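In this text the structure is predicted, and so the values were computed from the model without any measurement. The analysis underlying the following values was restricted to heavy atoms, covering all of them including side chains, and did not include hydrogens, waters or symmetry mates.
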Amino acid sequence: MRLGLAVLGATLNTTARLAPGLAARGALRLFRRPRSRVPVRPAEESTLAAAEHERLTVAGVPVAVYRWGDSPRPVLLVHGWQYRASRFAPLVEALRRRGHAVVAFDLPGHGASGGTGSDLPEVRRIIGELERHHGPFSTVLGHSFGGLAAWYTLAEGMAADRLVMVGAPGDFGEVLDGFCAHLGLRPRVNLALRQLIERRYFPGTVDALSTLSVHHRPERLAVPLMVVHDEEDRVVPVAQGRTVHAAYAARADALFTQGLGHNRILADPEVIEALTAFTAVTATGDPVR
């Protein structure tokens, strides 16, 4: 795998010397595409089987949607890159015991959804469609890339009572930098990739990528926030979680754990208890009955 990545990176670096635009398009295809579709784990099967399964087509892409329960104002869960909605199984069970309805979906290119990959604008459109079909949502909770997508959607105006970001980055530019570093891409390719993303997804917007940072006009997010991050997260460094918390410190709760890493944090009993407690409060501050 590492040798393959090194070859891809070297090829893109060489291409960028003569055709930076072509190199940027190749890098973007890689950036949008997960390495593989992970299977449902045996421990997740019963939770997934208990859901109502739907197919929602957004911009021509079929999206697998799961709903547990039918109480009003459900909780929306947004999974991270390279994973699928079933990874939330322990949290889904805990939320159901508290009486919440829960909605989740597989990102394009992930799980049972169609497509070959995804990006922030596409996930935002999907969440908007889910709000129209199943919302409004009481809480939107996202893990990793899903946390950034959830924040972006609410910062751009979607209504919800609360937001939870678990192991999530707070700056899309740093996500791009991490991707480029992983492939060994040189600054020329990084710059060309950023320029391509701005032209393709945010035409006419000045310094568009800066708007994808929690520090850009933090007042855009008006709801209470909870940040959960592990000190030993090797995928999204804990500094990113601290960045998110600092941007909204006046109205943000934080839970920084130790020894859970990037993924086991979703199944930890103490984390799940904290998440369900935070989720069990409405916008008025009253506990859910």
Side-chain angles (χ1 to χ4, degrees), residues 5 8-35 58-61 63 78 80-82 107-110 115-129 140 142 144-158 163 165 168-221 235-237 239-240 243-244 246-248:
L5 292 176
L8 285 171
T11 300
L12 291 172
N13 286 329
T14 300
T15 302
R17 294 176 183 173
L18 297 176
L22 180 60
R25 291 192 292 275
L28 182 58
R29 283 194 295 273
L30 291 173
F31 181 73
R32 295 185 73 258
R33 183 187 295 265
R35 292 190 303 273
V58 181
V61 177
V63 177
V78 188
W81 199 255
Q82 200 64 44
L107 271 62
H110 298 71
T116 58
S118 194
D119 49 57
L120 280 178
E122 183 174 36
V123 178
R124 179 190 171 197
R125 287 194 296 271
I126 293 169
I127 294 175
E129 286 297 316
V140 181
S144 193
F145 173 83
L148 181 61
W151 165 83
Y152 174 54
T153 303
L154 268 64
E156 289 297 304
M158 193 189 89
L163 171 65
M165 299 174 69
D171 189 321
F172 183 69
E174 292 204 21
V175 174
L176 285 177
D177 288 344
F179 165 77
C180 291
H182 188 58
L183 284 179
L185 299 180
R186 294 175 181 158
R188 182 198 301 267
V189 186
N190 188 321
L191 177 60
L193 176 59
R194 288 168 176 264
Q195 292 172 338
L196 175 61
I197 289 172
E198 290 185 334
R199 290 195 307 272
R200 180 170 295 185
Y201 299 114
F202 308 97
T205 302
V206 177
D207 196 17
L209 294 189
S210 69
T211 67
L212 304 179
S213 166
V214 296
H215 286 299
H216 179 79
R217 294 177 50 219
E219 70 276 6
R220 292 181 297 163
L221 182 72
V235 178
V236 180
Q240 284 283 295
T243 292
V244 176
Y248 301 103

- Item | E174 to Q240 - nearest heavy-atom pair and separation | OE1-NE2, 2.6 Å

- Apply the test side chain to side chain contact (heavy atoms under 4.5 Å, CB included) to residues V123 and Y152: give CA-CA distance (whole Å), side-chain angles for both, the deciding distance (0.1 Å), then the verdict. CA-CA 10 Å; V123 178; Y152 174 54; over 6 Å; no

- Which atoms form the tightest heavy-atom contact between P34 and T116, and what is the distance? CD-O, 3.3 Å

- Task: Return the minimal non-hydrogen interatomic distance between S144 and V236, and the atom names on each side.
- Result: OG-CG2, 4.1 Å

- In terms of ring plane angle, is the pair F31 and W81 parallel, tilted or perpendicular, where the classes change at 30° and 60°? parallel

- Query: Can you name the closest pair of heavy atoms from A150 and L163 and give their distance?
  - Reply: CB-CD1, 3.8 Å

- Item | Interatomic distance, E156 atom CD to L212 atom CG [nearest 0.5 angstrom] | 8.0 Å

- Note on the structure: In short, L185 meets A27 closest at the heavy-atom pair CD1-CB, 4.4 Å

- H182 NE2: over 12 foreign heavy atoms closer than 6.0 Å: no

- Item | Separation between CD1 of I126 and OG1 of T153, rounded to the nearest 0.5 Å | 10.0 Å

- Query: Does atom CZ of R220 have more than 12 heavy-atom neighbours from other groups under 6.0 Å away?
  - Reply: yes

- To the nearest 0.5 angstrom, please state how far the CG atom of D177 sits from the CG atom of D171. 8.0 Å

- Task: Please report the C-alpha distance between Y201 and L120 in whole Å, then the side-chain angles of each, then the deciding distance to 0.1 Å, and finally whether the side chain to side chain contact (heavy atoms under 4.5 Å, CB included) criterion is met.
- Result: CA-CA 9 Å; Y201 299 114; L120 280 178; over 6 Å; no

- Message: For L28 and R200: C-alpha separation, side-chain torsions, deciding distance, then whether side chain to side chain contact (heavy atoms under 4.5 Å, CB included) applies.
- Response: CA-CA 11 Å; L28 182 58; R200 180 170 295 185; 3.4 Å; yes

